[in-house]
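Small disclaimer: the values here were computed from a predicted structure and weren't measured.
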Amino acid sequence: MAETADFRPFETLLDQETALSVLREALAGADDGELFLERRRSEVMSFDDGRLRTASYDASEGFGLRAVRGETAGYAHSTEISERALRRAAETARLAVGDGGGTLAEPPQATNRKLYGDTDPMADAEFPVKVETLAEIDAFARQLDSRVVQVSATIAASLQEVAILRPEGHVVTDTRPMTRLNVSVIVEENGRRESGGHGGGGRTRLTRLLEPEHWQDATREALRIALVNLEAVPAKAGVLDVALGPGWPGILLHEAIGHGLEGDFNRKKSSAFAGLMGQQIAARGVTVLDDGTIPDRRGSLTVDDEGTPSGKNVLIEDGVLVGYMQDRQNARLMGVAPTGNGRRESYAHTPMPRMTNTYMLAGGAKPDEIVAEVKDGIYAVGFGGGQVDITNGKFVFSCTEAYEVKDGKVGRPVKGATLVGDGATALRRIRAVGNDMKLDPGIGNCGKAGQWVPVGVGQPTLLIGGLTVGGSAA
């Protein structure tokens, strides 16, 4: 696919001075606001059961204009980037300002930092090369083991280009690539079928994912998980000690704890952690960060969707709550500084406090010693879907790869295990933190208020005492 010209809306679609004048009129007497312009292009190719099943390409562009006064935000958006559409949007957003009386907040700090390349990942390889790679993945998986009966593989790439016009006259731009490769394998033996999947990516070139070394490793891992599940026995239920593996199991941390530390939930006192700033909310040795500054990671951002540079923000330090994640509106209302966590799904959505890459720092324990402490419990190293209630932190997570542990010895794999608990209690029951912190391979998506954004998670091996484990074994 040929390269497309850079997104330059103020050179090709709008006059910048006119747009600034309209924005300032909309924000007269407001506390904050901006004009967010976006162009997004994406492609997905899926290979399933020996043939190319889907090959899609999508392109969209538009703008959103926001005017903020106090706790109220007026927002209007359009797929047409023109002066006429902008003036109509300004009239609508302006309604939130009312009689005005506000004072514009200080603009975001400028940055020259770049956390990822700005080349188009969709142009990294021609269409036939991508299809050939998917076919090779299918053939490779079937050659690895005769029990493989179905293989699915997906290649996805996208490029999001944004330009944020601030009422001070500054324009903040960012070009955000994203790539991902996923492999899923189904195996069958004696009439029993089980599946396994693996994948990853990030804000990197697609060529890295298309290298044989990468997709072969991903395919082997998907097959390994499927074969483990083929031997799994039903999990037993009960209140058990649970050892969590490093990396992707940090999704439990993300959901059960991370959402509760977003600024809007705490300002509205709907979070289980509201009003606990400075208090001990986790076991000693537990330090949790949200860090959008890690190069090339799925959740990283050079700047957030309000133009604030992303940050490396400590949320919990040695068990003590020390910070929340903030966008500009909630930060102003809570009397603190924005943290670079103002994120939106697209130009059609308003920004809100969202996580980037949320992880727990390593401790001093060796992973094998942590597992050896489990007398009767499970060792969970893979997770699927889960549900969380932000108001009380209660969660339910399903395990995709887990093992029974007896007297410190890892035993048979188990299936159907779910972890049930609440974030606040789980934090306090962490008994050991491993020295093997690892980030996930780049597969996370986070939903909030109907908006989805890419995120990263991570953690070291952990031991949590007394979690409720759901299972079907007698």
Please check if any side-chain donor atom of Arg203 sits under 3.5 Å from a side-chain acceptor atom of Ser300, or the reverse. no
Just checking, any donor-acceptor pair under 3.5 angstrom between side chains of Glu80 and Ser78? no
Quick check against the 3.5 Å criterion: does Trp248 have a side-chain atom that pairs as donor or acceptor with the backbone of Phe383? yes
Closest non-hydrogen atoms of Gln280 and Ala283, given as atom of the first, atom of the second and distance, are NE2-C, 4.2 Å
Minimal heavy-atom distance between Pro460 and Gly434, with the atoms involved, is CB-O, 3.3 Å
Flag yes if more than 12 heavy atoms outside Gln279 fall under 6.0 Å of its CD atom; otherwise flag no. yes
Lys/Arg cation over aromatic Phe265: Lys448, 6.0 Å, 45° cone: yes
Hey, is CG on Asn445 packed in by over 12 heavy atoms from elsewhere, all under 6.0 Å? yes
Evaluation steps, side-chain hydrogen bond (donor to acceptor under 3.5 Å, both in side chains), between Ser346 and Arg40: CA-CA 9 Å; Ser346 75; Arg40 186 191 300 264; 5.7 Å; no
Donor-acceptor contact present, side-chain Arg180 to main-chain Ile443, <3.5 Å: yes
Backbone N or O of Thr350 within a donor-acceptor pair of the Gln451 side chain at under 3.5 Å? yes
Where is the tightest heavy-atom contact between Pro121 and Met178, given as atom of each residue plus distance? CG-O, 4.1 Å
Report yes or no: does Asp124 contribute a side-chain atom to a donor-acceptor pair with the main-chain N or O of Leu206 at less than 3.5 Å? yes
Got Thr308 and Thr339 here, is their nearest side-chain heavy-atom distance under 4.5 Å? no
Indicate whether the side chain of Thr154 and that of Asn182 have a donor and an acceptor atom separated by less than 3.5 Å. no
Please identify each residue that fulfils side-chain hydrogen bond (donor to acceptor under 3.5 Å, both in side chains) with Gln109, with sequence neighbours left out. none
Check the pair Val288 / Thr358 against side chain to side chain contact (heavy atoms under 4.5 Å, CB included), numbers first and verdict last. CA-CA 7 Å; Val288 178; Thr358 310; 4.2 Å; yes
Decide, yes or no, whether a salt bridge links Arg267 with Asp264 under the criterion of side-chain N to carboxylate O below 4.0 Å. no
Please round to the nearest 0.5 Å and tell me the distance separating atom CD of Glu38 and atom CD1 of Ile164. 10.0 Å
Output, in order, the C-alpha distance, side-chain angles, deciding distance and verdict of side chain to side chain contact (heavy atoms under 4.5 Å, CB included) for Ile251 and Asp440. CA-CA 9 Å; Ile251 189 64; Asp440 78 282; over 6 Å; no
pair Leu104-Pro167: side-chain heavy atoms closer than 4.5 Å: yes
For His198 against Pro441, the heavy-atom pair lying closest together: CE1-CG, 4.3 Å
Atom pair CD (Glu61) and CD (Glu161), whose distance is rounded to the nearest 0.5 Å: 9.5 Å
So, are Asp32 and Arg328 salt-bridged, with charged N and O less than 4.0 Å apart? yes
Using 0.5 Å steps for rounding, measure from the NZ atom of Lys269 to the OG1 atom of Thr391. 15.0 Å
Check Asp305, Leu37, Thr79, Val162 against Tyr347 for a side chain to side chain contact (heavy atoms under 4.5 Å, CB included) and give me the one that passes. Thr79
Please answer whether the main-chain N or O of Thr18 pairs with a side-chain N or O of Gln16 as donor and acceptor at a distance below 3.5 Å. no
Does a salt bridge link Arg94 with Glu25, judged by any charged N lying under 4.0 Å from a carboxylate O? no
Under the criterion side chain to side chain contact (heavy atoms under 4.5 Å, CB included), I'd like the reasoning laid out for Asp15 against Glu83: C-alpha separation, chi angles, the key distance, then a yes or no. CA-CA 8 Å; Asp15 176 73; Glu83 181 181 338; over 6 Å; no
Check for a donor-acceptor pair, side chain of Asn341 on one end and backbone N or O of Pro353 on the other, with a separation under 3.5 Å. no
Given side chain to side chain contact (heavy atoms under 4.5 Å, CB included), test Tyr359 with Gln459 step by step and report yes or no. CA-CA 5 Å; Tyr359 58 92; Gln459 68 172 44; 5.9 Å; no
Can you tell which of Leu65, Leu20, Leu27 makes a side chain to side chain contact (heavy atoms under 4.5 Å, CB included) with Leu35? Leu65
Once you round to the nearest 0.5 Å, how far does CG of Leu467 lie from OG1 of Thr425? 9.0 Å
Exercise: do Asp296 and Thr204 side chains pair donor with acceptor under 3.5 Å: no
State whether a side-chain donor-acceptor pair under 3.5 Å links Asp174 with Gln160. no
For the residue pair Tyr324 and Asn266, confirm or rule out a side-chain donor-acceptor distance under 3.5 Å. yes
Using modelled atom types only, decide if a donor and an acceptor are shared between the side chain of Ser271 and the backbone of Gly260 within a distance under 3.5 Å. yes
Side chain of Arg113, backbone of Ser310: donor and acceptor closer than 3.5 Å? yes
Asp120 with Arg41: basic N within carboxylate O range, under 4.0 Å: yes
Could you tell me whether the side chain of Asp138 and the main chain of Leu134 form a donor-acceptor pair under 3.5 Å? no
Would a 4.5 Å heavy-atom cut-off, applied to side chains only, mark Tyr57 and Met122 as touching? yes
Are Arg343 and Asp304 close enough for a salt bridge, meaning some N to O gap below 4.0 Å? no
Ser42 backbone acceptor or donor facing Ser158 side chain under 3.5 Å: no
Could you report the tightest heavy-atom contact between Met355 and Val455, atom names first, then the distance? O-CG1, 3.6 Å
Looking only at heavy atoms, which two atoms of Leu315 and Leu321 are closest? And how far apart? O-CD1, 3.5 Å
Take atom CZ of Arg88 as the centre, draw a 6.0 Å sphere, and report whether it contains more than 12 heavy atoms from other residues, nucleotides or ligands. no
Pairwise distance CG(Asp389) to NE2(His259) - rounded to 0.5 angstrom: 12.0 Å
When you look at CD of Glu106, are more than 12 heavy atoms from neighbouring residues, nucleotides or ligands closer to it than 6.0 Å? no
Within the 4.5 Å heavy-atom criterion, are Thr54 and Leu52 side-chain neighbours or not? no
Are Asp422 and Lys394 ion-paired here, with the side-chain N under 4.0 Å from a carboxylate O? no
Over 12 non-hydrogen atoms of neighbours within 6.0 angstrom of NZ in Lys114: yes
Please examine the side chains of Leu439 and Arg297, heavy atoms only from C-beta on, and report whether any two atoms are closer than 4.5 Å. yes
Check for me whether Arg344 meets the cation-pi criterion with Phe36, that is, NZ or CZ under 6.0 Å from the six-membered ring centre and within 45 degrees of the ring axis. yes
In Å, rounded to the nearest 0.5 Å, how long is the span from OG1 of Thr287 to CZ of Arg284? 10.5 Å
If we ignore angles and hydrogens, is there a donor and acceptor under 3.5 Å between the side chains of Asp291 and Thr293? yes
